[in-house]
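I have placed the structure first, in the form of structure tokens, so that the comments after it can refer back to it.
Note on naming: letters A, B, ... go to the chains in the order of the sequence lines (proteins, then strands), and numbering restarts at 1 for each one. Only this structure's heavy atoms are used, side chains among them; waters, hydrogens and symmetry mates stay out.
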Protein chains: 2
Amino acid sequence: MIDLKDAAQFLRVCETENLTRAALLSKVSPSTLSRTLTKLEKELNVKLCYRDQKGIVITKAGRLFERFAQDSLRNFALLQQSLAQEIAPLKGTLKIYCSVSASYIFIPRLLSELRLLHPELEISLETGDPANALDFLNHDGIDFVIAPKPKELNENIELVDLIAFPLAMIAPRNPAYPLNGLDYTNTLDNIPMVLPERGKLRTDIEDYFKTHKAKLNVLSQVAGHEAIVSMVALGFGLAIVPRIIVDLSPFKNDVIILDKKDLPDFDVALCHLKSRSGEPCIKAINDLAFNIAPSFAQDLRSRKLNNF
Amino acid sequence: MIDLKDAAQFLRVCETENLTRAALLSKVSPSTLSRTLTKLEKELNVKLCYRDQKGIVITKAGRLFERFAQDSLRNFALLQQSLAQEIAPLKGTLKIYCSVSASYIFIPRLLSELRLLHPELEISLETGDPANALDFLNHDGIDFVIAPKPKELNENIELVDLIAFPLAMIAPRNPAYPLNGLDYTNTLDNIPMVLPERGKLRTDIEDYFKTHKAKLNVLSQVAGHEAIVSMVALGFGLAIVPRIIVDLSPFKNDVIILDKKDLPDFDVALCHLKSRSGEPCIKAINDLAFNIAPSFAQDLRSRKLNNF
DNA sequence: TTATATATTGCGTATAATGCAATAAGCAAC
DNA sequence: GTTGCTTATTGCATTATACGCAATATATAA
């Protein structure tokens, strides 16, 4: 019989029409997803999609199953909502750690949903440098951290993807800051950069320069993404930051966004210790985050971020 | 994530409120079903039913999940119907073997559904003694048999339950046949019985007398369930037959149905060789039977049996 | 008390799922 | 053509899961 997990994977295939990407989205290997497809087809006795080395094309039967999968998963989400009200409301204190940047993007919606379901639950929010946020899970009694998604997944940590922020490269708008006459629109090499002191964004930027074989000229190092925008606005150099940080900055109009299409995304996730996955509170929060994660992307698109 | 197989098992639990019986219906062991319940509860993070040595009581959350399970499985059945139309219609010849009794109960609906889906498929129907019908699968080129469900499941045979016929004990109505003055309403011992020559019904009756420690007095042996009713009507003895046979018999008004509540059911199933489960045609017919099996029970209740 | 019925759990086994690495095959650029 | 990139699939070894049997614990009935 059909497993909703498999149905969800098939939906990713329908969206992307690309097995490899769908596998990434589903957090399984392409081989697993390939086998899921054959399993579904054997179970349903129908060809769901034509597949060859060119890619994937969903069949008519596949579209029928897609609808079924969508309905089922929507119903399941609704069921979870209904069931949430049957759960004994959680009590105690929930400790969340996140960066200032993240806090005002995710926390409002997360907490307002949480208050509805579990009014008794006290929430303690700590903000700080996200660079080594994951360490807090082990030592500081923190239940969850909202952190940049680490490149290689830690064995002990379970996470829910919250959002993928596009990165943007920014330069000062004021023509009075010519940055020594460098033509920074065409080359990266040796451009003076304002960089975060450390953390995931820092290494992402270093990697980006490496793949472009450009020398990274670190002009100044700053703690906190927001401050970076200010520095750039004042002509201290160029920078790469999540675009959302630019949009929300009071200096937004003092920088220009350069056209760099190959910048990676800056993925943010809600993380907790895998060893605690069984605890009702951990599971409840995790499910909640999983359910509302898609709405963050919507919020991002509509620039509706903290009007709660 | 939820597997529809588990959801179906939970539905059986909701129907019976009894783990052991639900396990039987689902064809799994009670231990498996028990673990399915805990798995579902862990997955959904809710208590679905209270369970102790007295039995099972479904919770409010359980009822919510029951509705979800029903919806999902209904949608799945609808999906399968839709997909069936996408399948390349089957060709060739399908050979079915069944008893005369069974043929006019199941075959009409089965074949009319089949014709709709696969007009090209030729159907060859053979009728005969169901006693050793299963042997036909091995030797006689028969694809399916409709047969009494064997007590211990054969390793090589896969089956779909079609219906459970209640058995009924019947006696002649005509007071001119006092059967030697025996008070057969209170005791079974030594009552003159009309029995089928052999087959599942025969052994079921023998078992029934054994558990009641009553001597089985075989007055006459008859081939064919229908004829048994005639014999009883004519005063040759008492008999135990599927109640449906009585209801459909032209001698229906010449026998009376005795009040025996502990008679077992007479289960009928559609069987095929497990080794052929992978063949598209076998799978299609099997799925079709699985989907329409519940309607047989409805037909039985409403006595609507062969108006097709 | 004994017998029957209930659900659960320990344990060994069988089945299935998973990811890695290798493979095959199309496509594009040179 | 050839090389390099991308695509999906498959062999293989590992791990996880599912399963049923048998034993257990507990309640109900005789």
Check whether the side chains of T32(A) and S29(A) place a donor and an acceptor atom closer than 3.5 Å, and report yes or no.
-> yes
Can you list everything that forms a side chain to side chain contact (heavy atoms under 4.5 Å, CB included) with [X]? Sequence neighbours excluded, please.
X	result
S82(A)	L64(B)
A61(A)	V46(A), T59(A), L83(B), E86(B)
Q53(A)	none
P148(A)	P130(A), K200(A), F266(A)

Acceptor/donor pairs from residues 67-74 of chain A side chains to any protein atom, 3.5 angstrom cut, sequence neighbours excluded:
{"residue": "D71(A)", "atom": "OD1", "partner": "R74(A)", "partner atom": "NH2", "Å": "2.8"}
{"residue": "S72(A)", "atom": "OG", "partner": "F68(A)", "partner atom": "O", "Å": "2.9"}

Heavy-atom nearest nucleotide on DNA chain D taken for T38(A) and for G55(A); more 5' hit belongs to G55(A)
Heavy-atom contact window of chain B on DNA chain D, given 5' to 3' at under 4.0 Å = dA18(D) to dT28(D)
Can you list every ring-ring contact (aromatic ring centres under 6.0 Å, His included) pair that touches residues 3-53 of chain B, not counting sequence neighbours?
-> F10(B)-F65(B)
So, using side chain to side chain donor-acceptor pair (under 3.5 Å) as the criterion, who are the partners of [X] when residues are at least two apart?
X	result
K5(B)	none
T20(B)	none
D52(B)	none

Could you write nucleotides 17-30 of chain C as a row of B, S and -, 5' to 3', where a protein heavy atom under 4.0 Å of any base atom gives B, of only sugar-phosphate atoms gives S, and otherwise -?
-> SBBB----BSS---
Distance check: side-chain N/O of N18(B) vs OP1/OP2 of dA5(C), anything under 4.0 Å?
-> no
For the helix from dT1(C)-dA30(D) to dC30(C)-dG1(D), how many degrees between its two end axes (five pairs per end), to the nearest 10°?
-> 20°
